[in-house]
Each structure stands twice: as C-alpha cells, then as structure tokens.
Amino acid sequence: MSKPQEIKAWLEDKQRKYSEGVALFNACASKVLKDKYSAYFEKNKDAAVGGVAFNMLISQLTIIAQSVAAAAATSATTIINSALGKVVQDPVKIKAEDLTAEELPKPLRLKLDLVRELTPEIANLHTKLKDENLTDEEARALAEELCEKDDNRATMWAEIDDFLQDNDKHLEEIPTAVLPENPIAKGAYLVSRKKLVEGYISRDEKKLKGQNKPNIKTKIEGRLDKLRTELEQIEEQLIEAGS
C-alpha cells in the first residue's frame with residue numbers, strides 16, 4: 001500500500017490512532033509543513049480524539065491527500081489536453097477595483113454594488129473598534145458585526161470571481177478581512193469566524209458526497225481545502241490569544 005493510500009485508509013478509519021497519523025504526516029508532509037507542525041504533533045502525543053491537536057492532524061493529512069489527488073488530476077488533464085492538441089491559456093486578470101458592472105450578468109451587478117457599499121461600512125467598524133473607551137461587551141458586539149460583514153463581502157466577491165473564471169478571467173487584489181487590534185474584539189472575531197468556517201466545511205462536505213460532476217467536485221474540494229487551512233490557522237490564533 002502506498003503512503004497516499006495509507007493516509008486515505010487512516011482518514012477513513014473510525015478507530016484511527018494519533019501516533020500512526022503523526023508517523024504518516026512525518027513521512028508524507030513537505031519540509032515546510034514538517035518544520036511548522038511536527039514538533040507540535042510530537043509534543044501532543046497524548047492528544048484526545050476531538051481535541052485541537054488531533055483535529056489539526058486530521059486537517060493536515062486531509063490536505064496532503066487532496067494535494068496528491070489534485071496533482072494526479074492535473075497531470076491527467078495535461079496529458080489529455082496534449083493528446084487533443086488543446087491550448088490552455090492563462091485567464092485574463094482584472095483588479096477588483098477596476099471591475100465594471102457591464103462585465104457581469106444582472107444578478108451579479110447588484111452584488112457588485114452591495115460589496116462596494118460594504119467597504120466603507122467595514123472601515124467605519126474598524127474606526128469604532130479603535131476607541132479606547134469601549135467596554136468589552138461593546139467591543140465583542142462590534143467584532144461580531146465586522147466578522148459578518150467581512151464574510152458577506154468575501155462571499156459575494158467569490159461568486160463574482162467564479163463567474164469570471166468560467167469566462168477565462170480572474171479577479172486579483174480583492175479586499176480581504178483585517179483582524180481588529182483590540183484584543184477583546186480580536187478574540188470575539190476569531191470565535192465568530194471559526195463558527196462560520198465550521199459551518200461552511202460541514203455544508204461543503206455534504207455537497208461533496210452527493211456530487212458526481214468532476215468539475216463541480218473539484219471546485220468543492222478546492223474550497224474545502226482552503227476552509228480547512230483557514231480553520232487550522234484560526235485555531236492556532238485562538239491558542240496564542242488564550243481564547
């Protein structure tokens with residue numbers, strides 16, 4: 001059995017052992033990942049099922065398994081395209097700030113308007129969070145509102161970019177979320193974001209099970225890969241913040 005097959009078997013095993021997962025990670029992960037996580041995994045050798053370290057190990061091995069599968073799929077696609085004589089061109093890049101409504105269908109034009117309306121609202125929330133006289137309760141409330149608006153903006157940008165990619169275009173320099181500087185607000189923001197990401201992962205995992213179309217399946221797997229990586233980063237930040 002190859003290492004990728006061993007990882008797949010370990011992930012599917014409901015009685016999986018943490019020590020075996022760590023051994024697979026050390027055998028298959030890139031040097032960058034091993035430098036970042038091996039010591040942490042070894043330190044938590046008694047990690048409990050459902051704990052942060054165990055979940056992080058599952059996340060990392062899932063990412064490795066998906067990367068291997070994606071590389072295999074890319075290789076196969078390259079071979080097929082070469083055999084068919086297809087020329088694959090790089091998508092045209094468009095800066096988010098330069099995107100015009102005329103380049104989008106009517107439903108997405110409305111979302112473009114909404115996403116641009118959110119930008120000053122988000123900036124205003126960051127300004128409010130810099131007020132040193134805020135109570136902890138006020139800071140948490142503003143952080144939760146900021147997290148929701150950031151998520152709405154990111155979701156609409158993603159929908160717009162999906163449409164553009166289907167037409168050989170791609171958005172770049174999309175505005176991204178910035179964590180509040182206020183420590184209380186930062187912790188509240190991360191907790192809110194963690195709940196959202198966990199919900200998106202659960203939703204996409206259900207979608208993936210019932211999906212048979214290869215192109216849609218690949219998109220969902222790519223999205224899950226990013227979400228799991230983000231969840232792992234959030235958990236690390238919460239540990240550092242002591243939240």
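In this text the structure is predicted, and so the values were computed from the model without any measurement.
- The ring pair (Phe, Tyr, Trp, His ring centres under 6.0 Å) search around Phe25 returns Phe41, not counting sequence neighbours.
- Using a 3.5 Å distance cut-off with no hydrogens or angles, the side chains of Tyr189 and Asp150 do pair a donor with an acceptor.
- Heavy-atom neighbours of Lys8 NZ from other residues, nucleotides or ligands within 6.0 Å: at or below the threshold of 12.
- Between Trp157 and Thr176, every side-chain heavy-atom pair lies at or beyond the 4.5 Å cut-off.
- Between Asp151 and Arg193 there is a salt bridge, with a side-chain nitrogen of the basic residue lying less than 4.0 Å from a carboxylate oxygen of the acidic one.
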For residues 49-60, dump all side-chain donor-acceptor pairs below 3.5 Å to protein atoms at least two apart in sequence or in another chain.
{"residue": "Asn55", "atom": "ND2", "partner": "Gly50", "partner atom": "O", "Å": "3.2"}
{"residue": "Asn55", "atom": "ND2", "partner": "Gly51", "partner atom": "O", "Å": "3.4"}
{"residue": "Gln60", "atom": "NE2", "partner": "Glu232", "partner atom": "OE1", "Å": "2.0"}
{"residue": "Gln60", "atom": "NE2", "partner": "Glu232", "partner atom": "OE2", "Å": "2.8"}

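- No continuous path of ILVMFWY side-chain contacts below 4.5 Å connects Leu125 to Ile184, so the two sit in separate hydrophobic clusters.
- Using a 4.5 Å cut-off on side-chain heavy atoms (C-beta onward), Ile201 and Leu224 make contact.
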Could you give me the CA-CA distance, side-chain angles and deciding distance for Thr100 and Glu103, then say whether side-chain hydrogen bond (donor to acceptor under 3.5 Å, both in side chains) is met?
CA-CA 6 Å; Thr100 61; Glu103 297 174 83; 3.0 Å; yes
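- Looking only at distances, no side-chain donor or acceptor of Glu148 sits under 3.5 Å from a matching main-chain atom of Glu145.
- Residues forming a side-chain hydrogen bond (donor to acceptor under 3.5 Å, both in side chains) with Glu42 (at least two apart in sequence, or on another chain): Asn26.
- Partner Lys219 forms a salt bridge (Lys or Arg N to Asp or Glu O under 4.0 Å) with one of Asp161, Asp225, Asp204, Asp166 and no other, that one being Asp166.
- Taking a cutoff of 4.0 Å between a charged side-chain nitrogen and a carboxylate oxygen, Glu198 and Lys194 qualify as a salt bridge.
- Taking the side chain as every heavy atom from C-beta outward, Leu164 and His170 never approach each other to under 4.5 Å.
- Two different hydrophobic clusters hold Met156 and Val178 under the rule that ILVMFWY side chains link at heavy-atom gaps under 4.5 Å.
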